[in-house]
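In what follows, residues are counted from 1 in the order of the sequence shown. When a ligand or atom number is given, it counts from 1 through the structure's own listing order.
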Amino acid sequence: MSTTINNNAHTETSPDPDNGYRKYSIGRFDFERDEYFARIKCPTGTHVVDIENFLRSMMRDVAWGFFYGWVNFDEVIGTVNHYGSVDLYMGTYNNAYREAGTNYEERFDSQNLLACFKSILKDWTNEGFDPFAAPLETGTARGPKNGNNDAAVDFQRELADRFVTLPGDSEMRTNERGFPVNRQFSDVDQEEPEVHPEPGFEGEIASFNLFKYLSRSPVTWNPSIVSIVKNSAYCPTSEEHILPIDHGNDRVEWFIQLSDEISWRVGDKDSGAPRAVVTMKAGDVSCMPADIRHKGFSPKRSMLLVWENLTPGLELRYSSGELPPVPAEF
Ligand code: PHB
Ligand code: FE
């Protein structure tokens, strides 16, 4: 694969007189939408995607700054993060495309591709559609251009610098944050724990009600970070319906199911070939290996803790084979 970085910014047209949406180009990729679909074109072909799925995936890719490794929007298109640059691909991680020689990818400066994706997301998101919301809690993205929803697409996920409630964390200590308890978490206890540190340890001992915090999350499939200990990050999230992307991680990643149930569809990272279905119930712990992609299905709103290892350069140690793709071999 070419590692030349295309440093050109994107271009966009004026609004289409028929439906009101702009068209976007970056490198040799073109993006356009109509009332129902996004259409992505590159020199080897055209790919058509349901507009709501496309915007939900685009929302995650933008909000997470391309995340770790692969963000597959579906089985054909997506991005790979090289931390500074990023590949945009069509069919590169799909066996049928590769065998036919119709895969295509280009590497971009991350800031340029991010600016392009943000512009698409803003222009193509209509008033009343929130790409972070569960489908039962938002309107539709379909139809001709109808206003926008910048408040939703600019939503910033919450990232603590320290354990929540210790001095120096973010505003997350105000655990209600102005958000109501979600309709499916009305049974979640809202009491905060009492903390009585010994004199001298006041700034080091902390505790908060994580279930209360998650019961008030206004978004789905969007991990926040509630604690960082060296390179270990606890990223809890509230989940409902389908993780829009199919994540191919570049390191192992742990899941702790805190409530209810999620089924994970697990496939080979390079080809997408199915490998397993993992159904996790409250209390279950699993490790997603570094050589797979995974997509979650949560039939009702549930709470999940994603545990990430942020060690810089870890992706190179897995991709070189220095580290095995699983945390333990039996
Ligand atoms: C993941 O890809 O591991 C992931 C992403 C978002 C979530 C949960 C898990 O909300
Ligand atoms: Fe993941």
Side-chain angles (χ1 to χ4, degrees), residues 53 55-75 78-81 83 93 130-135 137 155-159 182 184-185 210 213-226 232-270 272 275-280 282 284-311 314-315 318-319 325-327:
N53 292 342
L55 292 173
R56 289 187 175 112
S57 297
M58 186 64 105
M59 181 77 252
R60 273 68 185 182
D61 216 14
V62 165
W64 305 342
F66 303 118
F67 209 30
Y68 302 101
W70 288 250
V71 172
N72 295 286
F73 283 37
D74 61 10
E75 63 284 1
T79 58
V80 195
N81 197 350
Y83 309 99
Y93 302 94
D130 178 351
F132 264 139
E137 297 189 332
F155 183 88
Q156 294 291 317
R157 63 195 184 124
E158 296 170 291
L159 307 176
N182 184 267
Q184 295 195 329
F185 287 143
L210 179 64
Y213 172 79
L214 284 174
S215 74
R216 293 169 182 270
S217 171
V219 293
T220 59
W221 306 104
N222 185 36
S224 38
I225 297 183
V226 298
S232 164
Y234 266 8
C235 314
T237 155
S238 75
E239 318 295 46
E240 183 177 330
H241 190 235
I242 305 175
L243 171 59
I245 62 141
D246 204 335
H247 182 216
N249 210 345
D250 57 16
R251 59 200 68 204
V252 304
E253 169 183 45
W254 292 81
F255 291 157
I256 302 169
Q257 189 69 38
L258 298 179
S259 86
D260 303 280
E261 183 176 310
I262 296 178
S263 293
W264 291 94
R265 211 162 68 188
V266 179
D268 182 82
K269 190 160 70 180
D270 289 322
R275 272 182 56 177
V277 175
V278 179
T279 295
M280 298 183 63
D284 287 347
V285 178
S286 73
C287 177
M288 292 289 151
D291 59 356
I292 55 106
R293 62 181 76 178
H294 50 272
K295 188 175 182 74
F297 296 76
S298 188
K300 74 176 282 292
R301 212 172 185 90
S302 70
M303 299 182 182
L304 174 73
L305 182 64
V306 181
W307 182 23
E308 291 282 2
N309 186 337
L310 309 182
T311 304
L314 206 52
E315 71 282 5
Y318 281 106
S319 63
V326 290

> Taking atom types as modelled, is there a side-chain donor on Tyr83 or Asp250 under 3.5 Å from an acceptor on the other?
Replying inline: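 Indeed, the side chains of Tyr83 and Asp250 share at least one donor-acceptor pair under 3.5 Å.
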> In terms of side-chain heavy atoms, does Thr279 have a donor or acceptor partner in Ser263 at a distance below 3.5 Å?
Replying inline: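 There is such a pair between these side chains.
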Specify side chain, backbone, both or neither for [X], according to which of its non-hydrogen atoms lie closer than 4.0 Å to ligand 1.
X: Thr220; value: neither
X: Glu253; value: side chain
X: Trp254; value: neither

Heteroatom distance test ([X], ligand 1): nitrogen or oxygen, under 3.5 angstrom:
X: Glu308; answer: no
X: His294; answer: yes
X: Glu239; answer: yes

> If you look at Glu253, which of its N/O/S atoms is nearest to the Fe ion (ligand 2)?
Replying inline: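 It is OE1, the N, O or S atom of Glu253 closest to the Fe ion (ligand 2).
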>> Which atom name would you report as the N, O or S atom of His247 nearest the Fe ion (ligand 2)?
In response: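 For His247, the N/O/S atom sitting closest to the Fe ion (ligand 2) is ND1.
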Nearest protein heavy atom with distance in Å, relative to [atom]:
atom: atom 2 (O) of ligand 1; answer: His247 ND1, 2.9 Å
atom: atom 5 (C) of ligand 1; answer: Trp64 CH2, 3.8 Å
atom: atom 4 (C) of ligand 1; answer: Leu243 CD2, 4.1 Å

Per-atom contacts of ligand 1 with [X], taking only distances under 4.0 Å to non-hydrogen atoms:
X: Phe67; answer: 2 (O)
X: Phe255; answer: 3 (O)
X: Pro223; answer: 6 (C), 7 (C), 10 (O)
X: Asn222; answer: 10 (O)

> Which one of Leu304, Ile225, Leu305, Ile256 satisfies the side chain to side chain contact (heavy atoms under 4.5 Å, CB included) criterion with Pro236?
Replying inline: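 Testing each of Leu304, Ile225, Leu305, Ile256 against Pro236, the sole residue satisfying side chain to side chain contact (heavy atoms under 4.5 Å, CB included) is Leu305.
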> Between Phe255 and Trp264, what is the ring plane arrangement, given parallel below 30°, perpendicular above 60°, and tilted in between?
Replying inline: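 Answer is parallel, since the angle falls under 30°.
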>> How close do Ile262 and Gly296 get, counting heavy atoms only, and between which atoms?
In response: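 For Ile262 versus Gly296, the nearest heavy atoms are CG2-CA, 4.0 Å.
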>> My understanding is that only residues two or more places apart in sequence, or in another chain, count here; which of them pass side-chain contact (heavy atoms from CB on, under 4.5 Å) with Pro223?
In response: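 Trp64, Arg157, Cys235, Thr237.
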> salt bridge (charged side-chain N to carboxylate O under 4.0 Å, His left out) with Arg301: which of Glu137, Glu261, Glu239?
Replying inline: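 That would be Glu137; it is the only one of Glu137, Glu261, Glu239 passing the salt bridge (charged side-chain N to carboxylate O under 4.0 Å, His left out) with Arg301.
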> Counting distance only, does the side-chain N/O of Arg60 pair as donor-acceptor with the main-chain N or O of Ile245 below 3.5 Å?
Replying inline: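 No, Arg60 side chain to Ile245 backbone: no donor-acceptor pair under 3.5 Å.
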>> List the residues meeting salt bridge (charged side-chain N to carboxylate O under 4.0 Å, His left out) with Asp61, not counting sequence neighbours, and say none if there are none.
In response: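 Per chain and number, Asp61 pairs via salt bridge (charged side-chain N to carboxylate O under 4.0 Å, His left out) with no residue.
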